[in-house]
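All of these numbers come straight from a predicted model, not from anything done at the bench. Chain letters run A, B, ... following the sequence lines, proteins first and then strands; every chain starts at 1.
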Number of protein chains: 2
Amino acid sequence: MAAVTLQDVAMRAGVSQATASRVLNGSNRVPGEGVADRVRTAARELGYVPNAQAQALARASTGLLGLIVHDIADPYFSSIARGVQAAARAARKQVLLAGTDRDFDIEREAVSTFIAHRADAIVLAGSRQSGDLDRELEAEFGRYRANGGRVVVIGQPLAFGGAVEPENHFASAELADALVAAGHRQFAVIGGPGNIRTSVDRRNGFVEALGRHGLTPLVEVSGDFDRDGGHSAARRLAAALELQPGAAAPPVCVFAVTDVMAIGAIAAWRELGLSVPRDICVAGFDDIPTLRDHTPSLTTVVLPLEEIGSRAVDLALRNHDDADDLRERIPGRIVLRDSTKLS
Amino acid sequence: MAAVTLQDVAMRAGVSQATASRVLNGSNRVPGEGVADRVRTAARELGYVPNAQAQALARASTGLLGLIVHDIADPYFSSIARGVQAAARAARKQVLLAGTDRDFDIEREAVSTFIAHRADAIVLAGSRQSGDLDRELEAEFGRYRANGGRVVVIGQPLAFGGAVEPENHFASAELADALVAAGHRQFAVIGGPGNIRTSVDRRNGFVEALGRHGLTPLVEVSGDFDRDGGHSAARRLAAALELQPGAAAPPVCVFAVTDVMAIGAIAAWRELGLSVPRDICVAGFDDIPTLRDHTPSLTTVVLPLEEIGSRAVDLALRNHDDADDLRERIPGRIVLRDSTKLS
DNA sequence: CTGAAAGCGCTTACAG
DNA sequence: CTGAAAGCGCTTACAG
């Protein structure tokens, strides 16, 4: 990596390294025009590319922003990542990406590495149950923040730092209300893992709202937080409900806590010969872009995923004079579509 | 960012900075046991986190791997990114992520920044027309490589470096063959932008294979390389073909050069009252995971997206003794599903 | 406006 | 086995 050095540029331009440095990055003081030109020319001719590592060491900040997600191939996270990416670019930061596969050890490792790289901020998009932030992670974040690092979480509680929180609980309740208003009376739930905050909030919000209408889910099952989790949970649900193709009664309305799980569920039911919304209805959550063209169209709660990502970056980069701990709540918008349509 | 320093650790352990350094990262020479213990204890007590920037400066490499994609929210790229991520983790590299929105200026900027950060390798996943790699980019890559940087491209030609190339041309030809074998005789094509290599290869492979069967597409239209591009192209196609719901004749079979475009097309046709595969058939390319549960199920060419990503990383990190320029061809696998089923 | 010099936090020959 | 010292490539007070 013996690239062209600032010193090389300075020599060729016949100035000191200090001057070359000042010319090449916007120090306010503009040097004599001739000088600046010579330096810039020399830099161009030599193909000089500043060494960001050295700059980082000499300055205070690295210009790095760490993003931690469960799985970048999951459309929920990739949409968020897109927003993070865009906002980071606007702020001239580089994104360091890590995927954890929902493994807390890997997550802790990612945090350590980001801290080692002295990222200016870390955005943690994986969600977990409250209080579950282990001591070790918490201690590291503490030191990190003490040294000027910023941390922002998406969709999970944290005793400190910034947070952008989709209103999972509230929006799920609204969804339940809308479904009841649409005429549904029999419900079931496909939940996610019990240690994922987002999953639990959505389930609770929904079930509590049902309770206010004097209703209770007939069955609750749960599975992994992905397509296959929804698929297998849906099979169990069908068995528990003794669902039959073409049965007479009004269909049960299932709330799957994510769109991706809902899609897996529909696929499972289709394999059983059950049709949505005729034999069974289902609503999801997230409004995943790639899934918008699904048939039947999916009733869901629209979350502005990209915006969530960019807001997280904004929070992370905001000056934190006094109010250091900022939370931004992101409301969801209910959209009723074919998958819950009563005939 | 005044974090704990190696010096701090050394002092507390009562050893020199050099010794502390040797203990804390696996220098082969094992110091006296007592010493090592003291250093490690001091590091733990102080919460020492090595400064990767400083290490990078002192060593040769940064441990950074740059990944450039068009759009991380596009499932094609997010699947690749997942593979890159996994392979990078296995190689203990950190992923630097950039999205270009298909803007070549932004792409060039991303490359510069990655080089400035002295990434050990750069994986370029955006695809473009051959020869279109502009001078400036080429020059930068040249210097980068001269300084030890590795570059690997996915799905595009490059005069140097490594490349992993999905066999777009060949697989599309196979798809055409399979469709003809299934009984299709009338074809049309929904292509992508003319400056995207992947798009052009797929279209050409398909059309050339048709030619070998003495067939020619009735119509060709094209659109942006995304869902909306497929959607609008499909409308134009329907108009050109004067498609009517419930028409008698055997349906035209459309090849959309990506699954995502195919999905957009199906949505457009549905809006027009046309049904797939009854009124019109369609095949895609990629086998996007999230789309596997689509109805009708989509005939497509399966590409091992994650593997493509991890192979790219392997290539980038491989020792390049003599054979510096490596290419890996990735075959596609044809899967006929409902969307091209003839009744 | 410009330059000499110290310093950012590590690693690594080179001696001992 | 261990330490003193130079060096990685920049930035930035501090003088001039």
- A:Asp71 versus B:Arg82: any side-chain heavy-atom pair under 4.5 Å?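 Contact flag for A:Asp71/B:Arg82 side chains = yes.
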Rounded off to whole Å, could you give me the [atom1]-to-[atom2] distance for the [X] and [N] pair?
X        : N      : atom1 : atom2 : answer
A:Gln53  : D:dC8  : CD    : C1'   : 11 Å
A:Leu57  : D:dG7  : CG    : P     : 17 Å
A:Arg118 : C:dC8  : CZ    : P     : 14 Å
B:His117 : D:dC10 : NE2   : P     : 13 Å
A:Leu6   : C:dG3  : CG    : P     : 13 Å
B:Gln7   : C:dT11 : CD    : C1'   : 14 Å
A:Asn51  : D:dC8  : CG    : P     : 12 Å
A:Gln55  : C:dC10 : CD    : P     : 19 Å

- Do A:Arg22 side-chain and C:dG3 base share a donor-acceptor contact under 3.5 Å?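 In this structure, the two groups form a donor-acceptor pair.
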- Message: Nearest to the A:Ala18 side chain among C:dG3, D:dC10, C:dC10, which nucleotide is it?
- Response: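 Ranking C:dG3, D:dC10, C:dC10 by closest atom to the A:Ala18 side chain puts C:dG3 first.
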- Message: So if I take every side-chain heavy atom of B:Arg59 and compare against C:dT11, D:dT12, C:dG9, which nucleotide ends up nearest?
- Response: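 Comparing C:dT11, D:dT12, C:dG9 against the side chain of B:Arg59, the answer is C:dT11.
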- Item | Whole-angstrom distance between D:dT12 and D:dG16, as gauged at atom C1' |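 Rounded to whole Å, the distance is 16 Å.
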- From A:Asp74 atom CG to A:Asp101 atom CG, the distance as rounded to the nearest 0.5 Å: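 Answer for the CG-CG pair, A:Asp74 versus A:Asp101, is 11.0 Å.
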- Query: So what does A:Gln17 touch, heavy atoms closer than 4.0 Å: a base, only the sugar-phosphate, or nothing?
  - Reply: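 A:Gln17: base contact, heavy atoms under 4.0 Å.
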- Task: Specify the closest pair of heavy atoms between A:Arg150 and A:Ala316, including all atoms of both residues, with the distance to one decimal.
- Result: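 Closest heavy-atom pair between A:Arg150 and A:Ala316: CG-O, 3.3 Å.
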- Closest non-hydrogen atom pair between B:Thr62 and A:His117, with its separation: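 Closest approach of B:Thr62 to A:His117: O-CE1, 3.7 Å.
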Using a cut-off of strictly less than 4.0 Å, decide whether [X] has a side-chain nitrogen or oxygen near OP1 or OP2 of [N].
X       : N      : value
A:Ser21 : D:dC10 : no
A:Thr19 : C:dG3  : yes
B:Thr5  : C:dC8  : no

- Task: Both distances under 3.5 Å, Watson-Crick or G-U wobble: report the partner of C:dG3, or none.
- Result: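 Partner of C:dG3: D:dC14.
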- Query: Want to settle it: does B:Ala54 or B:Gly14 sit nearer the 5' end of DNA chain D, counting the closest nucleotide to each?
  - Reply: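 Nearest nucleotide further toward 5': that of B:Gly14.
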- Going through the checks in order, is the salt bridge (charged side-chain N to carboxylate O under 4.0 Å, His left out) test met by B:Asp105 and B:Arg108? CA-CA 5 Å; B:Asp105 290 332; B:Arg108 210 178 304 116; 3.3 Å; yes
